[in-house]
Amino acid sequence: SLKEFLGIGEMGGQVYPEPCVMGDESIMSQKAHGTSNVPVQKDLRWSCDYDTADRICNFNRHYAEYRGYWATTPFLKEAKEQYEVE
């Protein structure tokens, strides 16, 4: 069918190959801490900002951090040191 060809599911949502499993809207329902029962962990890798991570993970339905945020963290430096190509 055209829907199968385009990767569109029965309810009109995108279909992804296994092991992805699409959930319904109930997984984003209000919980004890936004859409989660607990906040994000405090000791985040690459000096990521806790408040930004918590907002994205628990109080966000659309978008995420601002464009280029990752470049303000030590991620690139650490990745280059760890995975330097010879």
Side-chain angles (χ1 to χ4, degrees):
S1 76
L2 180 58
K3 283 186 176 183
E4 288 173 344
F5 177 74
L6 296 175
I8 299 172
E10 291 298 317
M11 310 247 317
Q14 180 68 43
V15 176
Y16 298 95
E18 289 186 16
C20 294
V21 177
M22 298 303 292
D24 59 32
E25 283 295 308
S26 68
I27 63 175
M28 296 300 289
S29 66
Q30 185 66 34
K31 298 177 183 70
H33 187 80
T35 56
S36 176
N37 286 323
V38 295
V40 297
Q41 66 188 44
K42 290 282 186 180
D43 56 337
L44 296 169
R45 193 171 183 185
W46 301 307
S47 302
C48 290
D49 180 70
Y50 170 83
D51 291 329
T52 300
D54 194 50
R55 177 181 49 78
I56 292 167
C57 294
N58 297 307
F59 299 96
N60 178 50
R61 290 297 306 269
H62 307 284
Y63 312 112
E65 72 275 7
Y66 60 85
R67 181 177 36 178
Y69 170 77
W70 63 274
T72 69
T73 71
F75 168 73
L76 286 177
K77 178 181 177 289
E78 290 181 25
K80 284 181 183 178
E81 290 170 359
Q82 187 171 356
Y83 301 104
E84 188 151 354
V85 178
E86 296 178 17

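All residue numbers in this chain count up from 1 along the given sequence.
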Has D54 got a side-chain atom pairing as donor or acceptor with P39's backbone, closer than 3.5 angstrom?
no
Backbone of Y69 reached by a side-chain donor or acceptor of T72 within 3.5 Å
yes
Atom pair CG/CD of D49 and E65 - distance to nearest 0.5 Å:
11.0 Å
Taking all atoms of both residues into account, what is the closest heavy-atom pair of G34 and F59, and its distance?
CA-CE2, 3.3 Å
Honestly curious: do W46 and L44 fall in one hydrophobic cluster under the side-chain, below-4.5 Å linking rule?
no
Which heavy atom in V40 sits nearest to a heavy atom in N58, and how many Å separate them?
N-ND2, 3.8 Å
Find out whether T52 and Y66 are in side-chain contact, i.e. whether some heavy atom of one side chain is under 4.5 Å from a heavy atom of the other.
no
Main chain of C20, side chain of E18: is a donor-acceptor contact present, judged purely on distance under 3.5 Å?
no
Whether K31 side chain and I27 backbone form a donor-acceptor pair below 3.5 Å:
yes
F75 CZ to K80 NZ distance, which is reported to the nearest 0.5 Å:
10.5 Å
Are any of the side-chain heavy atoms of M28 and T35 separated by less than 4.5 Å?
yes
